[in-house]
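Below: the structure, in structure tokens.
The model shown is predicted, which means the values in this text are computed figures rather than measured ones. Numbered from 1 within each chain, the chains take letters A, B, ... in sequence-line order.
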There are 2 protein chains.
Amino acid sequence: MIHLTRPSPTLKEVAARCGVSTATVSRVINRDRRISEETSKRVLQAVEDLGYSPNPFARGLKTNKSRTIGFIVPEFTNDFFMRIARGIESRLRQDGYTLVICNANENRNDEAARLDLLLDQGVDGVIVIPSSSRGAHLRAADARHVPLVLVDRVVEDYQTDAILVDNINGTYHAVEAALAKGHKRIGFIGGNMDLTSARERLAGYTRALEDYHIPFQDEYVFFGDFHQDSGYELMGQLLALAHPPECVFLSNVFMHLGAAKYLLEHQQAKRRVPELIGFDEMDFSSSLGFCTIMVRQPIEEIGKIAAETILDRIRGNHHPSRIQRLKTEIVQFDRKNK
Amino acid sequence: MIHLTRPSPTLKEVAARCGVSTATVSRVINRDRRISEETSKRVLQAVEDLGYSPNPFARGLKTNKSRTIGFIVPEFTNDFFMRIARGIESRLRQDGYTLVICNANENRNDEAARLDLLLDQGVDGVIVIPSSSRGAHLRAADARHVPLVLVDRVVEDYQTDAILVDNINGTYHAVEAALAKGHKRIGFIGGNMDLTSARERLAGYTRALEDYHIPFQDEYVFFGDFHQDSGYELMGQLLALAHPPECVFLSNVFMHLGAAKYLLEHQQAKRRVPELIGFDEMDFSSSLGFCTIMVRQPIEEIGKIAAETILDRIRGNHHPSRIQRLKTEIVQFDRKNK
DNA sequence: ATTTTTCATGCCATCGATTGCACAATTTTC
DNA sequence: GAAAATTGTGCAATCGATGGCATGAAAAAT
């Protein structure tokens, strides 16, 4: 096989082509303003002509920067995580950064391994949606002076920047709205209690009940794992109670999906179907009339802010670590079909 | 702020620590077997002690390899694509490669831009799920001698390795199974006809009708865009016909979701609900009794094979480009609840 | 006992871009 | 009009790892 194309041109060739030194070309490319307008133009023309683009390895070697950010998610096949990824990526792109997404398979070991890999690859910063509430292994980033920000959840044993939503108030307002509709018996299906987001949502629920003087009833509260099957399962358990709740809060969209599926499969004319409320859009559930109240998170915004936070750190801002809480919004649906 | 940690150790420091040259250390790290067992051990111990890991930039500069593969998907928030990503990533990890995933936003321009970015970043190979049937811009990879493999779809104007499923036979067998169940009127909701996968699925449908001497009826065939809304919409149109089909083939899982949603919302006791058949698992639809026949693709396997194909190319195999077609499997469900 | 081969390791040029320093040319200041 | 400041550019060291070539020692062949 004959290669008709030459290897990528280097700085030297660009320099030779327009009779300046490599230093000058480098400066033009890096927008060093000391270079005269005129030479600048000549150099850029040569860059264009040769189709030059800087060798990322050589550049990285000198600058120790890769213009690359790592993003560790618990799981690839999760719409919520990937929408955050989209938010991050589109913001980073504006600044010429590339995002490297890794899958932690929802376990701490893989998370640690991915982080090490990313650090070894020379990323300039790391964004993590932690898979558990432990985060000591994340200090590896500090050791290399690579900034790290958490998204959606925080960890106990490691303090750093974090972008979260206001889970407590989000849940509070949803439950409050359900109470306002006259519901007295409100069930709660929680997520993996190892995760701060799950714990905060429970806190919002209990606080709302307290404030409205509704007794907290153990039998109305179940804990799943944020996956669809647990929503299905636990909805069944709630409906099997002597006095099933009139309304059930689902802590995330996957459990909501499971719950909705349970309701569909077990719909009986005589029995009253509980309303479903919970975090995130469940288009299916709402158009079926199950979902009446949802807590909407600004998902892409979370990603955007995470990206901006990490860029800020990379650019050397050394203010103390900060937790940013984004507001949620309550959306109500009519209960059609019922 | 005082940094208590030192910068990462270099080869030189490791070499100094155990009294050998940097070349020796480098050889140990790269498993050059010329080095004696004994020195090897000493060096590895020092590597361990210092927590040394090679500078990726320096290494890349010399070797022109990054141990990084790019993956361009049309859209992040698509379970099918991300399952392929998972398959790719877990296979690449075995060989110590990292995957960089990019979002083409379902358009050719972004796809081209992402590819350029990846090439500029020095990836060793690129895997692409093309967003359209045109692929001339993908030649940019050839120009830099970076291997590129396509997944799920091929493009017209650029020939390279591709991993696909047998869309024609998959569809054929699904339709055949529906005919075997006694259905005569089988509708078809196709995807974006610009994509080869969509065209092949149509071909499987028409071929099955032909083989079984069922006249092809234009009014039973609609084309959507692989998104949920189009499935919803087109299912409505099919049901509005004077003689609606008894069975409808959905060309992907999102349109299937939309169709199922339409059925749920418009269920009427008097009207017979058509069976849904189509590509990929639609857990919801099947447990509701809508979905009776599905074409299962080996999704993670597609990713695995794509990864192996690109690794093979990176290792210098220059055989002519090849298209690998994976077999699909027909899964049938009972029609419960009806 | 030489000569040849094999083995283990070291020396150092190299990859391509960046950047501190030097220096010449030009402009500004007094 | 001389000194000082500014501007534009080049020189060359540098980042850290790799690998061709050289070398000396040990093993094998004659």
Side-chain angles (χ1 to χ4, degrees), chain A residues 6-47 50-68 96 119-124 144-145, chain B residues 6-47 50-68 96 119-124 144-145:
Chain A
R6 283 155 293 100
S8 305
T10 69
L11 259 198
K12 210 190 279 188
E13 300 175 45
V14 177
R17 193 174 216 274
C18 49
V20 297
S21 71
T22 61
T24 301
V25 179
S26 170
R27 288 184 183 120
V28 170
I29 286 169
N30 294 297
R31 298 213 179 67
D32 186 322
R33 56 189 156 41
R34 289 176 305 177
I35 302 296
S36 71
E37 190 65 26
E38 194 197 358
T39 16
S40 231
K41 222 171 249 168
R42 265 199 0 266
V43 169
L44 290 174
Q45 183 61 50
V47 165
L50 294 172
Y52 169 81
S53 77
N55 180 312
F57 305 119
R59 175 179 269 181
L61 182 56
K62 266 310 270 191
T63 63
N64 218 20
K65 292 267 163 294
S66 62
R67 302 189 77 73
T68 284
L119 295 173
D120 283 350
Q121 293 252 346
V123 295
D124 296 345
R144 307 241 209 148
H145 311 306
Chain B
R6 283 154 294 102
S8 305
T10 69
L11 260 198
K12 209 191 278 189
E13 300 174 45
V14 177
R17 193 172 215 271
C18 47
V20 296
S21 72
T22 61
T24 301
V25 178
S26 169
R27 287 180 185 124
V28 170
I29 287 169
N30 293 298
R31 296 210 181 69
D32 186 322
R33 57 190 155 43
R34 289 177 307 179
I35 302 297
S36 72
E37 190 64 27
E38 193 196 0
T39 15
S40 231
K41 222 171 247 168
R42 268 202 354 268
V43 169
L44 290 174
Q45 183 61 48
V47 165
L50 294 172
Y52 168 81
S53 77
N55 181 312
F57 305 119
R59 176 178 268 183
L61 182 56
K62 268 308 272 190
T63 63
N64 217 20
K65 291 268 163 294
S66 62
R67 302 189 75 74
T68 284
L119 295 173
D120 283 350
Q121 293 252 348
V123 294
D124 296 345
R144 307 240 209 149
H145 310 306

Nucleotide [N], atom [atom2] - distance to [atom1] of [X] in whole Å:
| X | N | atom1 | atom2 | answer |
| --- | --- | --- | --- | --- |
| B:Arg31 | D:dT18 | CZ | P | 12 Å |
| B:Leu50 | D:dG16 | CG | P | 14 Å |
| A:Leu61 | C:dT14 | CG | C1' | 12 Å |
| B:Lys62 | C:dA17 | NZ | C1' | 15 Å |
| A:Lys41 | D:dG8 | NZ | P | 14 Å |
| B:Glu13 | D:dG16 | CD | P | 8 Å |
| B:Asn55 | D:dC15 | CG | C1' | 8 Å |

Please check the phosphate of [N] (OP1 and OP2 only) for any side-chain N or O of [X] closer than 4.0 Å.
| X | N | value |
| --- | --- | --- |
| B:Asn30 | D:dA17 | no |
| A:Tyr52 | C:dG16 | no |
| A:Ser26 | C:dT18 | yes |
| B:Asn64 | C:dC15 | no |

What distance do A:Arg17 atom CZ and A:Arg42 atom CZ have between them, rounded to the nearest 0.5 Å?
12.0 Å
Note, [X] side chain near [Y] side chain (heavy atom, < 4.5 Å):
| X | Y | result |
| --- | --- | --- |
| A:Val20 | A:Val25 | yes |
| B:Ser26 | B:Leu11 | yes |
| A:Val43 | A:Ser40 | no |

Heavy-atom pair with the smallest gap, counting every atom of [X] and [Y]:
| X | Y | answer |
| --- | --- | --- |
| A:Asn30 | A:Arg59 | OD1-NH2, 3.5 Å |
| A:Phe57 | B:Asn64 | CE1-OD1, 4.0 Å |
| A:Ser66 | A:Gly122 | OG-O, 2.7 Å |

Polar atom pairs between nucleotides 8-11 of chain C and protein, under 3.5 Å, N or O only, would you list them?
from   : atom 1 : to      : atom 2 : distance (Å)
C:dA8  : OP2    : B:Arg34 : O      : 3.0
C:dA8  : O5'    : B:Arg34 : O      : 3.4
C:dT9  : OP1    : B:Ser36 : OG     : 3.2
C:dT9  : OP1    : B:Thr39 : OG1    : 2.7
C:dT9  : OP2    : B:Ser36 : N      : 2.8
C:dT9  : OP2    : B:Ser36 : OG     : 3.2
C:dT9  : OP2    : B:Thr39 : OG1    : 2.7
C:dG10 : OP1    : B:Ser21 : N      : 3.4
C:dG10 : OP2    : B:Ser21 : N      : 2.8
C:dG10 : OP2    : B:Ser21 : OG     : 2.9
C:dG10 : OP2    : B:Thr24 : OG1    : 2.3
C:dG10 : N7     : B:Arg27 : NH1    : 3.2
C:dG10 : O6     : B:Arg27 : NH1    : 3.3
C:dG10 : O6     : B:Arg27 : NH2    : 2.8

I'd like to know if the side chain of B:Gln121 pairs up with that of A:Thr68 as donor and acceptor (distance under 3.5 Å, no hydrogens or angles considered).
yes
Quick one: does B:Ser53's side chain have a donor or acceptor within less than 3.5 Å of a partner on A:Asp120's backbone?
no
If you restrict it to nitrogen or oxygen atoms, what contacts under 3.5 Å exist between nucleotides 23-28 of chain D and the protein, and what is each distance?
none

